[in-house]
Amino acid sequence: MNPFNRPREFGEGAVRHASTAAALRVATRARPVNLKARLSTVLLLLSLAGTGLVVRAVDLQVLRKDFYQEQGDARYLREVPIPVSRGTILDRNGEPLAVSTPVVSIWANPQELLQHAGRIAELAQALGVDEATLKAKLDQRADKEFLYLKRHLNPDDAKLILERKIPGVSSQREFRRYYPSGEVLAHVLGFNNIDDRGQEGLELAFDEWLAGKPGAKRVMRDRLGHVIEDVELLREPQPGRDLTLSIDRRIQSLAYRQLKRTLLEHGASSGSIVVLDARNGEILATVNQPSFNPNAVNNGDTSIRRNRALTDVVEPGSTMKAFTIAAGLESGKWKPDTPIDTAPGTMPLANHIIRDTSNKGLIDVTGVLTRSSNVGAAKIGLSLSSEHLYDMFKRVGFGESTGSGFPGEAAGVLPPAKGWGQVEKATLSYGYGLNATPMQMAQAYAVLADGGRLRAPTFVKGAQNPDRAVLDPALAKTIIGMLETVITPRGTGLRAAVRNYRVAGKTGTSRRAIAGGYESRYISMFAGLAPASNPRLVAVVVIHDPQGAYTGGMVAAPAFSRVMDGALRLLDVPPDNVEKWYSDGSGNWAPIEAGDAAPEYAPGSTSYEEGEPTQ
Amino acid sequence: MSESQATRRSELPGRYDRGLLLAALGLIGLGVVMVASSSIPVADSQHKGSFYFVVRHLVFLALGTGLAITAMRLELEKIERHSGVVLLAGFALLLAVFVPGLGMRINGALRWIHLGISGFQPVEAFKLLLIAYLSSYLVRHRESVQRNFFGVIKPIAVAGVGVVLLLVQPDFGSAALVGATTVGLIWLGGARMRNLVFLGLPMMPVMAWAAMYAEYRIKRLTSFRDPFLDPFGDGYQLAQALIAVGRGEWFGVGLGGSVQKLFYLPEAHTDFILAVLAEELGLFGIVLVLGLFAWLCGRGLLLGARAVQRGLYFQGYVAFGISLCIALQAIVSIGVNLGVLPTKGLTLPLISSGGSSVMMTCAMIGVLLRVSYELTREEAQSAESTNARVHAGVWE
């Protein structure tokens with residue numbers, strides 16, 4: 001094998017062995033060449049080079065590998081979030097109210113995409129955007145690796161773009177919130193931003209609960225950003241949890257429809273309806289007008305996004321009289337049948353005149369509620385200590401937030417008793433000089449409905465909701481009985497009547513307060529409960545700026561009646577007033593109160609509304 | 001040689017060197033595996049079909065095998081006799097790249113000629129043709145080459161013209177390789193080192209000028225010292241190659257497991273295939289590749305020595321030239337991959353996916369095998385001959 005073995009030398013050896021003349025001639029004329037030595041040199045040099053390469057490889061792959069591996073890791077190890085889907089919001093019967101649907105966002109790696117600038121036109125067309133705009137956007141981020149091109153696309157639409165396989169264009173799976181109930185529940189649920197985080201409403205209040213916690217993992221990526229390998233799990237993902245609301249979608253829809261109808265019928269500008277479950281303070285419905293489409297939130301008029309039932313305060317007006325009288329009865333100075341002379345329908349006090357809508361003459365305490373006499377309420381209020389009246393209002397929840405936890409909920413204002421003069425005390429007695437949200441009014445009436453127990457209204461079904469006894473149960477029952485007289489032909493709230501059920505409630509009409517006084521715009525209210533014998537539901541209707549008829553009895557009471565009627569039947573609440581109905585000939589049904597003949601009342605006569613004649 | 005001898009000779013059995021063949025097949029096999037591993041991501045991203053480059057590589061291997069088999073059946077004497085034509089063909093090919101419409105400019109270099117579906121890099125053929133010419137020259141002018149200065153001028157000048165043509169393309173790596181192979185071959189052919197150095201001196205400024213002429217070459221020359229000084233600019237490719245190598249450790253991340261080939265390392269399946277191999281197979285892989293090249297080229301050089309000893313000078317010099325050329329190219333290519341030499345556009349023979357290179361290296365292996373065949377035939381003949389010819393054992 002080894003050619004060096006046989007003739008030991010090539011050059012000089014060859015000369016020695018040479019026996020031909022030719023060979024000798026060559027040998028003498030040419031300088032002998034030691035090929036063996038030259039070949040050995042070449043082999044040695046090549047071996048040295050090879051050894052040098054092995055040494056270098058050992059250096060790179062064994063000795064200094066950490067440096068290069070760190071450099072590599074820095075290039076392709078990335079921490080990426082593990083997305084979790086947001087919890088569904090359900091109504092109390094398990095109907096979905098807010099669901100997350102998978103969508104696809106298209107993003108680009110500008111560095112890569114710009115290398116294939118020829119396809120930008122095609123991409124722009126696929127995205128439906130202007131090519132120059134897209135190009136400018138890409139150029140602006142030319143040194144970056146990420147740019148959203150279009151977010152929250154329908155997966156099918158995204159597929160059409162991705163199928164073009166434009167270099168540097170990738171997709172990302174995301175979730176988009178969808179609200180099947182649309183504007184009906186828009187204020188309650190609120191909405192999320194494009195990153196699926198709650199911005200308003202319960203989406204915001206329960207954001208952490210719903211969102212869960214995205215996990216994180218370390219992945220290896222190729223240079224184009226594709227994940228090659230999951231390296232390690234950094235944080236376990238916590239999927240968002242579902243949230244079951246106390247809202248009953250059916251009642252919510254019903255209330256919304258009735259609210260909208262009422263606004264249309266009376267040309268009103270805005271309004272709210274709240275329906276509470278009297279037994280546990282759970283909110284069954286909260287609707288507002290105007291509303292918005294939470295599936296397509298734009299940044300136009302943000303005022304339509306307010307959940308007015310919780311964020312906007314009104315002066316509760318006559319609806320407060322129930323609590324003024326509760327304080328009166330509690331003081332022992334007054335009984336339901338204690339007579340009060342409200343003639344002549346006005347009462348001067350300091351430089352202020354308290355007015356009734358008409359001269360109601362000599363009535364009793366019940367009649368103050370039935371016919372909504374400001375003079376009567378003022379007289380009762382003035383007879384009480386400021387502290388007592390303040391305490392009563394405070395106990396039923398006025399002047400502080402209900403604790404529903406709704407973002408941006410207003411607390412209302414109840415001036416402290418020390419500052420009250422005679423006029424303040426008198427006006428507070430019939431609901432002016434303080435303000436409250438419709439939810440607070442509902443909460444206060446729920447105290448009456450639930451035997452004197454105060455609860456925070458809650459949006460969550462089955463939530464821990466401790467109650468606090470704030471009124472004598474017997475007093476609460478008495479007040480309910482007195483409030484039932486409001487829904488009679490003698491009372492101001494006949495239109496709140498619900499067929500087959502006994503209803504207790506109070507109308508309210510207040511002028512809208514503006515800086516320095518009141519303007520001639522009205523807020524029409526009704527707060528009430530049913531069935532009166534065993535209250536189950538509490539509802540409050542507040543309508544702003546009704547045109548024409550504006551009293552609570554004319555505007556809010558019919559809405560209350562229709563909402564209650566539907567809600568009571570949806571919930572299968574047993575009727576407590578069957579067959580005690582008659583028609584007054586106008587097509588309206590009205591209850592006959594057992595053993596309480598109404599002497600003034602005659603079929604066909606005008607009903608006793610506050611002030612304005614019925615139309 | 002007389003007619004009767006030639007007839008007799010062709011009747012004698014020769015053997016093709018099995019060791020050479022095994023080493024070459026080992027490298028080719030490793031090459032196919034590595035081309036597959038390193039080219040699939042690129043092929044996928046270009047929507048050419050995963051095995052686009054693999055199939056291409058196999059096609060060129062098949063063409064190369066055809067060339068090799070042709071070479072194996074060709075009496076090398078014929079080539080020796082027509083060395084002038086061979087040289088002209090080599091220069092014709094080198095000049096063809098400058099013919100408009102025929103030359104193909106890729107990345108600013110005119111190194112390819114159009115051949116319909118694929119380009120061809122003439123330098124790959126030129127190397128073999130030049131080796132054949134130089135070998136023939138060394139046989140014809142053995143005395144003057146060994147004796148004096150002027151005998152060396154001509155082959156050096158011929159090679160020098162080739163080098164200059166390569167520099168014009170520009171192909172600095174191939175130019176250096178051709179220059180080094182020429183010097184090595186002529187030295188093994190008996191030229192004095194002194195004469196070679198004299199003649200090499202004027203080439204120095206040419207090379208220096210070529211190196212400095214283009215700014216990118218200066219950058220390459222400087223950035224390879226520490227690619228991490230500018231890892232996202234000039235040092236990008238080398239930094240990525242070194243990361244790949246460093247990730248390999250002793251036995252690599254496993255075949256197919258390279259991350260660097262996923263678009264971090266440019267030219268992963270051609271010039272930088274060794275970095276991917278080092279990442280996937282580790283130090284073991286590098287040693288294996290070096291071992292196979294050492295086996296192939298060492299065997300080729302010893303084969304050449306035996307041939308020269310037997311008086312088959314032309315065959316011997318051709319074996320020297322081919323072995324040197326493959327060895328030097330392998331060393332340079334691996335050196336570039338390991339960051340000890342400035343980045344050049346040189347493929348790793350038999351392994352890189354580079355059509356012309358793999359094809360012509362196959363042809364070179366075919367010629368080497370032919371040398372082994374003619375050598376064993378000659379040995380068998382001389383063993384048979386009772387009165388062994390004197391000149392068979394005498395040579396200079």
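Each chain gets a letter, A, B and so on, in the order its sequence line appears, and its residues count up from 1.
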Picking from [options], which has the most non-hydrogen pairs under 4.5 angstrom with chain A?
| options | value |
| --- | --- |
| B:Gly246, B:Ala239, B:Gly184 | B:Gly246 |
| B:Leu328, B:Ile334, B:Val287 | B:Ile334 |
| B:Glu279, B:Gln240, B:Arg247, B:Glu249 | B:Glu249 |

Interchain contact, A:Ser47 with chain B, by part (heavy-atom threshold 4.5 Å): neither
Which heavy-atom pair separates A:Val54 from B:Leu283 by the least distance, and what is that distance? O-CD1, 4.4 Å
B:Arg15, CZ: over 12 other non-hydrogen atoms inside 6.0 angstrom: no
Got a sec: does the CZ of B:Phe263 have more than 12 other heavy atoms crowding it under 6.0 Å? yes
Heavy-atom pairs under 4.5 Å with chain B are the metric here; pick the option from A:Gln69, A:Glu70, A:Arg221 that has the most.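 Most pairs with chain B among the choices: A:Gln69.
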Option that, when pairs with chain B are counted at under 4.5 Å, heavy atom only, ranks first among A:Val62, A:Leu45, A:Val58: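 Most heavy-atom pairs under 4.5 Å with chain B: A:Val62.
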From B:Leu324 CG over to A:Leu46 CG, what is the distance, rounded to the nearest 0.5 angstrom?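 Here the rounded value is 6.5 Å.
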Straight-line distance of B:Phe320 CZ to A:Leu35 CG, nearest 0.5 Å: 4.5 Å
So, the part of B:Leu242 with a heavy atom under 4.5 Å from chain A: the answer is both
Contact class of B:Ala244 relative to chain A, heavy atoms under 4.5 angstrom: neither
Side-chain heavy atoms of A:Gln61 within contact of B:Ile286, under 4.5 Å: yes
Answer whether the closest heavy-atom distance between the side chains of B:Leu302 and A:Leu43 falls below 4.5 Å. yes
Closer than 3.5 angstrom, by distance alone: can the side chain of A:Arg38 be matched with the main-chain N or O of B:Trp187 as a donor-acceptor pair? yes
The residue among B:Leu338, B:Leu341, B:Leu274 that forms side-chain contact (heavy atoms from CB on, under 4.5 Å) with A:Leu53 is B:Leu338
